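So the structure is just underneath, and the comments pick up after that.
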Protein chains: 4
Amino acid sequence: MSLRERKAAKKKEDILRSASLVISRNGYQNATMEDIAAELLMTKGSLYYYFKNKEELLYNCHNLILSSAMEKLEAICSEKISSMDKMKKVIKAHLDIAIREKEVFNLIVKPEQLFSEENIEEIIEKRDNYAKIFDRVIAEGVKNEEFTISNPKMARMIILGASNWVQVWYSAEGQYSKEEIEDIYAEYFLRMLV
Amino acid sequence: MSLRERKAAKKKEDILRSASLVISRNGYQNATMEDIAAELLMTKGSLYYYFKNKEELLYNCHNLILSSAMEKLEAICSEKISSMDKMKKVIKAHLDIAIREKEVFNLIVKPEQLFSEENIEEIIEKRDNYAKIFDRVIAEGVKNEEFTISNPKMARMIILGASNWVQVWYSAEGQYSKEEIEDIYAEYFLRMLV
Amino acid sequence: MSLRERKAAKKKEDILRSASLVISRNGYQNATMEDIAAELLMTKGSLYYYFKNKEELLYNCHNLILSSAMEKLEAICSEKISSMDKMKKVIKAHLDIAIREKEVFNLIVKPEQLFSEENIEEIIEKRDNYAKIFDRVIAEGVKNEEFTISNPKMARMIILGASNWVQVWYSAEGQYSKEEIEDIYAEYFLRMLV
Amino acid sequence: MSLRERKAAKKKEDILRSASLVISRNGYQNATMEDIAAELLMTKGSLYYYFKNKEELLYNCHNLILSSAMEKLEAICSEKISSMDKMKKVIKAHLDIAIREKEVFNLIVKPEQLFSEENIEEIIEKRDNYAKIFDRVIAEGVKNEEFTISNPKMARMIILGASNWVQVWYSAEGQYSKEEIEDIYAEYFLRMLV
DNA sequence: CATGAATGAGCGTTCATTCAT
DNA sequence: CATGAATGAACGCTCATTCAT
């Protein structure tokens, strides 16, 4: 990659980070191109040099978050620990991201409404791949008899659903800290699995 | 109520139903007054005869769903059955509504972004009252020792969160029927509670 | 006139009075048909039975005020008093109406913007007739040498202009009472005329 | 100021001029953003690049006229001439502006109906400052005994009122030229003051 | 006669997108 | 490359007007 390309790549990342921030603050629908640009002291026109339109920008934003999340989970998956411990760690990591990235993570919720057919397929595929990590951990636990669950897919849906919902009500000033929530959630989910 | 008033009340309901439909199809932010009116073969101007603005319309839409949901759950609550059975029924009823009303039910998710200060307080109160039904059932079960759970509030959050998430992925053509999902979810949640 | 006609005529006057009131309160442009009707506990649809459209209603409103004003001034004109006294009385009467009817009287200001060609001619004619009353008093005073003024038309413009302007700034709570203003204005105008 | 900024400033002025024109033609309430833009061969959306909304645009329009008017009058005020001559000049200058700017100057009339609380205070203050110029000239004339008037404030109201009214009836094709009107008005007002 | 209901044209405003410089 | 500027389509909302009942 040439210097120029590296510079452009870096700028792209900056923009995505800014977009994440603005979306977190205002929600997706209220995040205007102007806002995203202003955060970087650019003008909105310039954004179109890096991304061909708003959807494209958002698509990349979504991918960035999801990819980094996947990396983290994959790393946990390859650790040599019990399924229960692996599950605990995976749940906590997921909650951590879901809470920290709030709105951006929320892009995952309704992709059909935000993205056009062009991108939607790939988005759903990535989302599925992300979910499959949980499926794998559950399957592993079932196989080595740590978990006793008849319908692993449903268990995964419950775990992910409940976790994703946390960002709906979580507040840093709330009764429970992020860490407490992660612990309690992990505990309850395991009660369900074993 | 006079005939006139009944007719007007019916029209209002028609509009709310149309709004529900459009919101389900396009999501809240993309549901235009024009769309809502078109569904009823009206012009958007006419909607303003019945509701003073879009927020008011949506607020009523939200209330309609939530009120009817509460009624159903309250009815279940006053039945004389075990806490476990009550919980099962309540979960199924909730899932039933969440799936059928999809997006409209989803208005409950981010009221801060959709409603102005005027309405938000009452909305949150109603949402809380709804959640309290689950709290009551859990408390009851804990009291008569059917449930063994140390943190009832978190359990409720998990149950509601996971349930609300169903509408994100549920499709009538999917692998599981609505009834199957309800059964499995109820079972898993109870595994967590007992 | 039949009873029915008399009843309709009375209703028409009620409407005009209501219109005057609403216009005084909100200004012409912000006086909606709904407001005018509401004042009479009617619905706006009914207004169209009596007046074919808003302009027609306003046109009549304008005429009502102007006609009654003319009557008062004509009466003063036919009194057997000195030109100076006549002028004083006429000025005071005009000020009295201009202040009391404020906004409605203001309709006279920009008829071209409010009325269509259909009505405008007659409106201007009436306005001119009203002004001619002042011209007559001035002419009379010049003839019997009470006034020494070279350009009577201009004097009239100044008198009417300054008087009409009063409603722009007059407030019942202001430093001067209506009567004081009338006295001072009359005095100053006469200083100008003699 | 850079070239860019000068260009933008010029465009802003162009818009204000266009707004003045349209307002003069149609009156304030009937001057649409579309009209104002069309006059400059722009689309209405573009106006929002320069002014954040219609009120802001109009507020600036009003300020532009009033500021330039004040400058002219202040200049006259600091001349070393008799109070009578000063008054004459000030009246003529005011009439000149009132006639030429017609409707825009008329914005001053009913600011309460046109502007929101945000701007109204400043507008009224500016209007008052403008009026105070006349008060000063009158006070000066009273002090050096050129004028013999007992109620200077009322005299000012009459002068400004009558002058402002000119634009109501003035037409370039009328019987009197602008200059003739200015002369006659000045003469009559002075008759009143001395 | 009066009303409830509906209409439709128009307005202010927002915002993603484009493009010459 | 970046920007200032412009565009145009869309949206929420208002209101005079119409008309069946």
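Note on naming: letters A, B, ... go to the chains in the order of the sequence lines (proteins, then strands), and numbering restarts at 1 for each one. As the structure is a computational prediction, the values presented were derived from the model and not from experiment.
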> Do you know which two heavy atoms are closest between A/Lys12 and A/Tyr50, and how far apart they sit?
Replying inline: CE-O, 3.2 Å
> Where do B/Leu16 and B/Phe51 come nearest, in terms of heavy atoms and distance?
Replying inline: CD2-CZ, 3.8 Å
Rounded to whole Å, please give me the gap between [atom1] in [X] and [atom2] in [N].
X       : N      : atom1 : atom2 : value
B/Glu5  : E/dA5  : CD    : P     : 9 Å
B/Asn30 : F/dC11 : CG    : C1'   : 12 Å
B/Met42 : E/dG4  : CE    : P     : 16 Å
D/Lys7  : F/dT3  : NZ    : C1'   : 13 Å
C/Asp14 : E/dC1  : CG    : P     : 15 Å
C/Leu40 : E/dT3  : CG    : P     : 10 Å
B/Tyr49 : E/dG4  : OH    : C1'   : 4 Å
C/Phe51 : E/dC1  : CZ    : C1'   : 15 Å

Which atom pairs link the protein and nucleotides 18-21 of chain F when you take only N or O atoms and keep those under 3.5 Å?
none

>> Under 4.0 Å between a side-chain nitrogen and a carboxylate oxygen: does that hold for B/Lys11 and B/Asp14?
In response: no
> Ignoring hydrogens and geometry, is there a side-chain-to-backbone donor-acceptor pair from C/Lys44 to C/Thr32 under 3.5 Å?
Replying inline: no
> Starting at the 5' end of DNA chain F and moving along, which residue's nearest nucleotide shows up first, C/Gln29 or D/Ala8?
Replying inline: D/Ala8
> Between E/dA16, E/dT7, F/dC15, which nucleotide gets closest to the side-chain atoms of A/Met33?
Replying inline: E/dA16
>> Taking the minimum atom-to-atom distance to the side chain of D/Tyr50, which one of F/dT7, F/dA6, E/dT17 wins?
In response: F/dA6
> How is the base pairing of DNA chain E summarised as a dot-bracket string, given the Watson-Crick and G-U wobble criteria with both distances under 3.5 Å, [ ] for crossing and | for another strand?
Replying inline: .||||||||||||||||||||
> What distance do B/Leu21 atom CG and B/Asn26 atom CG have between them, rounded to the nearest 0.5 Å?
Replying inline: 9.0 Å
>> Assess the residue pair B/Glu122 and B/Tyr59 against the criterion (side chain to side chain donor-acceptor pair (under 3.5 Å)); give the C-alpha distance rounded to whole Å, side-chain angles, the decisive distance to 0.1 Å, and a yes or no.
In response: CA-CA 10 Å; B/Glu122 201 174 349; B/Tyr59 175 68; 2.7 Å; yes
> Hey, is CD on B/Glu121 packed in by over 12 heavy atoms from elsewhere, all under 6.0 Å?
Replying inline: no
> How far apart are the C-alpha atoms of D/Met42 and D/Tyr49, what are their side-chain angles, what is the distance that settles it, and do they pass the side-chain contact (heavy atoms from CB on, under 4.5 Å) test?
Replying inline: CA-CA 12 Å; D/Met42 303 169 77; D/Tyr49 185 76; over 6 Å; no
>> Reading DNA chain E from 5' onward, which residue's closest nucleotide shows up sooner: B/Thr43 or A/Ala31?
In response: B/Thr43
> When the nearest nucleotide of DNA chain E is assigned to D/Asp35 and to A/Thr32 on a heavy-atom basis, which residue is associated with the more 5' position?
Replying inline: D/Asp35
> Quick one: are A/His62 and A/Asn119 in side-chain contact, heavy atoms under 4.5 Å?
Replying inline: no
